[in-house]
Amino acid sequence: MFLPDKKEFFEKYKNIFVIAAKFLAAVLVALLCIFVQNELLDEMDDVHTFFDGKAGEKNNLKLPMLGLAGAVIDENPPMDIRIPRCEGFHLSLAEKSCDFSFTNPDTNKCYLRVTITRHDTNETVFTSSLISPGKTLENITLSTKFSYFTNYDIMIKVDAYSLDGLSFLNGLVMDAVIYTY
């Protein structure tokens with residue numbers, strides 16, 4: 001059986017050794033970072049609170065928890081937002097009225113805003129004001145004229161905003177149809 005000498009073997013597999021060594025070093029650094037972070041957290045009395053410098057007075061403000069790559073972890077439980085299904089509505093071309101109705105369920109703890117956009121022209125034909133929980137949007141007026149007796153494919157976008165501060169929470173997009181008659 002032929003055995004190559006050590007120098008020839010090392011030259012042949014040098015790249016593999018270098019890659020393996022770099023991988024092993026990266027794993028060791030990651031493990032060390034996790035260990036150090038856990039040790040620091042164990043040493044703190046209360047991770048979420050801090051002292052404001054006055055002797056013996058504890059401040060109840062919370063510090064954000066940091067996750068991977070410094071991302072802030074949201075400690076609040078996720079909000080349950082209910083959005084009714086909108087599959088389509090009817091539009092009378094003669095009377096220019098439609099039977100679109102949308103209710104923000106009273107169990108929601110947020111405002112909802114509805115935007116309707118035509119697929120064929122990408123034109124926004126309706127945007128509602130903020131709808132409070134328990135309120136219903138009815139008798140809307142579309143901002144464009146529909147002139148043909150046909151079905152129009154649309155997109156209904158529903159955005160949720162917090163009750164305090166009106167910050168954007170989440171959004172949902174649904175495909176629907178306007179049936180003209």
Side-chain angles (χ1 to χ4, degrees), residues 19 22-23 26-27 29-31 33-34 37-38 41 46-50 60-181:
I19 292 172
K22 287 181 180 180
F23 177 74
V27 169
V29 168
L31 289 174
C33 288
I34 292 170
Q37 181 181 12
N38 287 338
L41 290 177
D46 190 355
V47 174
H48 301 293
T49 60
F50 67 95
N60 288 329
L61 295 175
K62 292 190 172 193
L63 293 174
M65 290 295 294
L66 299 180
L68 292 175
V72 175
I73 298 172
D74 186 7
E75 294 177 336
N76 298 325
M79 182 183 289
D80 185 27
I81 301 173
R82 303 288 176 161
I83 297 178
R85 182 183 305 269
C86 300
E87 294 178 353
F89 56 94
H90 298 89
L91 171 67
S92 168
L93 294 181
E95 299 173 14
K96 308 291 189 233
S97 64
C98 62
D99 62 356
F100 180 77
S101 175
F102 184 87
T103 301
N104 183 356
D106 56 359
T107 57
N108 281 347
K109 304 287 188 257
C110 62
Y111 295 111
L112 296 180
R113 174 175 282 147
V114 177
T115 304
I116 301 174
T117 305
R118 288 176 57 170
H119 275 299
D120 59 345
T121 62
N122 282 338
E123 176 186 8
T124 299
V125 297
F126 177 77
T127 300
S128 74
S129 58
L130 293 176
I131 306 166
S132 299
K135 299 295 181 185
T136 300
L137 175 68
E138 297 179 299
N139 301 324
I140 67 170
T141 303
L142 303 178
S143 66
T144 188
K145 303 261 190 263
F146 292 88
S147 54
Y148 299 106
F149 293 103
T150 187
N151 298 335
Y152 293 91
D153 292 325
I154 59 170
M155 173 181 70
I156 299 176
K157 183 177 183 212
V158 181
D159 291 323
Y161 296 91
S162 67
L163 294 174
D164 57 339
L166 298 177
S167 59
F168 177 76
L169 298 173
N170 208 343
L172 173 74
V173 175
M174 300 176 269
D175 286 327
V177 177
I178 296 177
Y179 303 99
T180 59
Y181 62 95

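The residues of the chain are indexed from 1 along the displayed sequence. Since we're looking at a predicted model, the values are computed, not measured. Values below: all heavy atoms of this structure, side chains included; hydrogens, waters and symmetry mates excluded.
- Among the candidates V173, V114, T117, L172, the single residue satisfying the side-chain contact (heavy atoms from CB on, under 4.5 Å) test with I156 is V114.
- Within the 4.5 Å cutoff, the side chain of V158 has no heavy atoms near those of the C86 side chain.
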Please output the side-chain donor-acceptor pairs of residues 174-181 that fall under 3.5 Å, not counting sequence neighbours, one pair per line with the distance.
{"unit_1": "D175", "atom_1": "OD1", "unit_2": "H119", "atom_2": "NE2", "d": "3.0"}
{"unit_1": "T180", "atom_1": "OG1", "unit_2": "Y148", "atom_2": "O", "d": "3.1"}
{"unit_1": "T180", "atom_1": "OG1", "unit_2": "T150", "atom_2": "N", "d": "2.8"}
{"unit_1": "T180", "atom_1": "OG1", "unit_2": "T150", "atom_2": "O", "d": "2.6"}

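- A pairwise comparison of heavy atoms in Y161 and L166 identifies CD2-O, 3.6 Å as the closest pair.
- Residues forming a side chain to side chain contact (heavy atoms under 4.5 Å, CB included) with V27 (at least two apart in sequence, or on another chain): F23, L31.
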Item to complete: Could you walk me through whether F100 and L137 pass side chain to side chain contact (heavy atoms under 4.5 Å, CB included), step by step?
Response: CA-CA 8 Å; F100 180 77; L137 175 68; 4.1 Å; yes

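- Applying the salt bridge (Lys or Arg N to Asp or Glu O under 4.0 Å) rule to D120 yields the partners R118; only residues at least two apart in sequence or on another chain are considered.
- Taking CG of L142 as the reference point, atom CZ of F89 lies at 5.5 Å (rounded to 0.5 Å).
- With sequence neighbours left out, the ring pair (Phe, Tyr, Trp, His ring centres under 6.0 Å) criterion links Y152 to F146.
- In this structure, S143 and T124 have side chains that are not in contact, with every pair of non-hydrogen atoms separated by 4.5 Å or more.
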Side-chain donor-acceptor contacts of residues 103-111 below 3.5 Å, not counting sequence neighbours, with atom names and distances?
{"unit_1": "T103", "atom_1": "OG1", "unit_2": "T136", "atom_2": "OG1", "d": "2.9"}
{"unit_1": "N104", "atom_1": "OD1", "unit_2": "N108", "atom_2": "ND2", "d": "2.7"}
{"unit_1": "N104", "atom_1": "ND2", "unit_2": "C110", "atom_2": "O", "d": "3.0"}
{"unit_1": "N104", "atom_1": "ND2", "unit_2": "I131", "atom_2": "O", "d": "2.8"}
{"unit_1": "N108", "atom_1": "OD1", "unit_2": "R82", "atom_2": "N", "d": "2.7"}
{"unit_1": "N108", "atom_1": "ND2", "unit_2": "R82", "atom_2": "O", "d": "2.8"}

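- Shown here are the side-chain hydrogen bond (donor to acceptor under 3.5 Å, both in side chains) partners of S167, two or more places apart in sequence or in another chain: S162.
- Applying the side-chain hydrogen bond (donor to acceptor under 3.5 Å, both in side chains) test to S132 and every residue at least two apart in sequence or in another chain returns nothing.
- Contacts classified as salt bridge (Lys or Arg N to Asp or Glu O under 4.0 Å) and involving residues 138-158 (residues at least two apart or in different chains) are given here: K157-D159.
- Scored by the side-chain hydrogen bond (donor to acceptor under 3.5 Å, both in side chains) test, T127 finds no partners at all (sequence neighbours excluded).
- Considering SG of C98 and CG of N139, their distance stands at 8.0 Å, rounded to 0.5 Å.
- The two residues D99 and H90 have their closest heavy-atom pair at OD1-N, 2.6 Å.
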Practice problem: Would you sort out whether F102 and I116 count as a side chain to side chain contact (heavy atoms under 4.5 Å, CB included), showing the intermediate values? | Solution: CA-CA 12 Å; F102 184 87; I116 301 174; over 6 Å; no

